[in-house]
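Below you'll find the structure, written out as structure tokens, and then a few comments.
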Protein chains: 2
Amino acid sequence: MKDIAQRAGVSESAVSFALNGRPGVSEVTRDRVRRVAEQLGWRPSTAARQLSGEGAATVGFVLARPADTLGVDSFFLQLVSGIQEVLAERHLGLLFQVVEDVTDECAVYRRWWAEHRVDGVLVVDPRTDDPRPGLLDELGLPAVVIGGAPDERHPGLSTVWADDAGAMASVVDELYRLGHRRIVHIAGLPGLAHTERRVRTLRAEAERRGLTEVESVTTDYSDAEGAAVTRRVLGRPAPPTALIYDNDVMAVAGMTTAAELGFSVPADVSVVAWEDSALCRMVRPWLSALSRDSVEFGRTAARELTALLDGGPARTVRVPVPQVIVRESTGAARRA
Amino acid sequence: MKDIAQRAGVSESAVSFALNGRPGVSEVTRDRVRRVAEQLGWRPSTAARQLSGEGAATVGFVLARPADTLGVDSFFLQLVSGIQEVLAERHLGLLFQVVEDVTDECAVYRRWWAEHRVDGVLVVDPRTDDPRPGLLDELGLPAVVIGGAPDERHPGLSTVWADDAGAMASVVDELYRLGHRRIVHIAGLPGLAHTERRVRTLRAEAERRGLTEVESVTTDYSDAEGAAVTRRVLGRPAPPTALIYDNDVMAVAGMTTAAELGFSVPADVSVVAWEDSALCRMVRPWLSALSRDSVEFGRTAARELTALLDGGPARTVRVPVPQVIVRESTGAARRA
DNA sequence: TAGTTGGGGTCAATCCATTGACTTCCCCGG
DNA sequence: CCGGGGAAGTCAATGGATTGACCCCAACTA
């Protein structure tokens, strides 16, 4: 800036005013300064900006997953790419970190906060009894919880969520209509808020319809557990006629396992994947799946965060209910 | 820091010395200062640090992919998680950005450089005729090229690469041994350096053995193109007896397509995937695949970058040659 | 003509940590 | 008893952008 000031024959303040579009300089000067800046390829140093009160121009994103669980998961990359789209417009950077568990994640937030490294964060995989919203609220770090249920206890945080309950209800509805009465839900990680929501809803729906042979089994989302649970439940004397998997990976693994056990899909057992991705169309029969727009999900979350950074109020936004895409893996239940 | 200085009854300089382990303060004072700092939960502001000459304590990572191509790809998340592991030890942040193409990527580097946002970057998906190494060299931004071939033109950059040529040779070797003479390689994006290396090696190996019905077809890595190409080549009068796919996604899509066309795997056609992941064991028959440790790949790259940041010399490091994991999708060629 | 006003700028402080130059004070040797 | 030297600290400048306080002058008003 000193350079620019010199070459344009004005003070540094004038340069600052000119470049930030604030009054205090004539249009002529402004133009001159702009041209010099352009010519010099000048960009404000984020560090200096930050020191003088502006934010860090960065938002944080932590993924708490044991390294080996990060496998074939289309959801996160899509989410992140949606987030980026919005952040890029405002020239906000995304500081990304992978950690082992939520405790480490909290430590990261604390550090980022103390170091003033980020202006806000995006939180994923909310849990029942999650320490993160409390921490972020306490630190006063703007945050958007992605996939959480609305939470009154932390009015400082925004929430963006999909209506898992509604989606689960519609899946059960569909399966019930097809005549399925024995349904097993191969769920994801037990502590996660959306797992709990799905499990609860399934139970409620079953009760409402008087179904007794409906249950959820939690897993770690891995293909291995998906296959193992499938093998176990299909080995029962009265095996389920429909399986709902909480992600695409387990659904594929499960369907393969079913085939190995001599079950034909969908004649003997119907399969639904909770998450639509290329995977679902890479196997035969094509997997029926719950589809949502993860990229748009990311965009929405990022938009909420920027709104928060602009001083807007915390909000709770619901994205469209995931839709059941019926393909080939679901069909009428075989008569008992 | 002012706070700490006050409470510990010393000057700010003393605090700085104490906390950074430099001489100039007594052990007693140092301890006192440390305790006060700890108690206050103090962490140096990265911005201020950066202004006084230290780096940004951040490295950049840009992924140039059209949003819709980011699909089911285990490689990047694994790579990133390996990178993180090493960076986290040194408390270095990872600034992550997704862009559309290499041109945008270069713009991002320029911006980061001008804003002093990153101390170095990790470059992935090097291409033939890649503008990035030149740019980074010119900017003097420390960089590690991941997956590039050694490149003498830019002595400032480190390179971490896997020996694709060696791996391709071993795959061809294996297939040849099994009696395959008509081989099609469903390759990745044409401009990528490793695609070119694989294609070239395949041609060389074919020539060496006098095979005339061997070829590579480039694609965009998507399941759709993988399936389409498979359909096309298997529809020929003399279809190939072995298919090599440049990623797991296309391999699965291709194998499914082959099955639909009435080809039995591996009896009629053998399939090899270049990238081992859970996917390969989620389909039947299990996919034979080239396996490499992507997490370790990431760790190595990050280590090279930190070495570079410490002022070390640029180096070229080769990670172990990917190994062929023979599963069920490869077998002896059917007699002509 | 004296006084007011506002557009166009400048000055200097501020944010926070680091660091080279300098000051104190104590201990030891001569 | 004095001077040299080293340990322990302090002072103030530095880096880059922002910003509240102030200044100057031309034009307009009473």
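Note that this is a predicted model, so its numbers are computed, not measured. Throughout, protein chains are lettered first and strands after them, A, B, ... in sequence-line order, and every chain is numbered starting at 1.
- Within residues 20-38 of chain B, the residues that have a heavy atom under 4.0 Å from DNA chain C are, in order of number, Asn20(B), Arg22(B).
- Glu27(A) is linked by a salt bridge (charged side-chain N to carboxylate O under 4.0 Å, His left out) to Arg30(A), counting only residues two or more places apart in sequence or in another chain.
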Going through the distances and angles, do Leu305(A) and Leu92(A) end up as a side chain to side chain contact (heavy atoms under 4.5 Å, CB included)?
-> CA-CA 11 Å; Leu305(A) 186 54; Leu92(A) 289 169; over 6 Å; no
Any N/O pairs under 3.5 Å between the protein and nucleotides 21-28 of chain C? List them or say none.
none

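- For the ring-ring contact (aromatic ring centres under 6.0 Å, His included) condition, the pairs that include at least one residue of residues 95-115 of chain A, sequence neighbours left out, are Phe61(A)-Phe96(A), Phe96(A)-Phe96(B).
- Side-chain contact between His194(B) and Asp125(B) is present, with at least one heavy-atom pair separated by less than 4.5 Å.
- With contacts defined as side-chain heavy-atom distances shorter than 4.5 Å, the pair Arg90(B)/Asp310(B) qualifies.
- Scanning DNA chain D 5' to 3' for nucleotides with an atom closer than 4.0 angstrom to a non-hydrogen atom of chain A gives a first and last hit of dG16(D) to dT19(D).
- Remark: Arg303(A) engages Glu296(A) in a salt bridge (charged side-chain N to carboxylate O under 4.0 Å, His left out) (not counting sequence neighbours).
- For Gln6(A), there are no side chain to side chain donor-acceptor pair (under 3.5 Å) partners at least two apart in sequence or on another chain.
- Of the residues in residues 3-14 of chain B, those placing a heavy atom less than 4.0 Å from an atom of DNA chain C are Ser13(B), in numerical order.
- With sequence neighbours excluded, no residue forms a side chain to side chain donor-acceptor pair (under 3.5 Å) with Arg35(B).
- Every side chain to side chain donor-acceptor pair (under 3.5 Å) that Thr58(A) has, sequence neighbours left out, goes to Arg117(B).
- Axis deviation across the helix from dT1(C)-dA30(D) to dG30(C)-dC1(D) amounts to 70°, comparing end segments of five pairs, rounded to 10 degrees.
- Contacts of residues 39-51 of chain A with DNA chain D (heavy atom under 4.0 Å): Trp42(A), Arg43(A), Pro44(A), Ser45(A), Ala48(A), Arg49(A), Leu51(A).
- At least one side-chain heavy atom of Arg7(B) sits under 4.5 Å from a side-chain heavy atom of Leu40(B).
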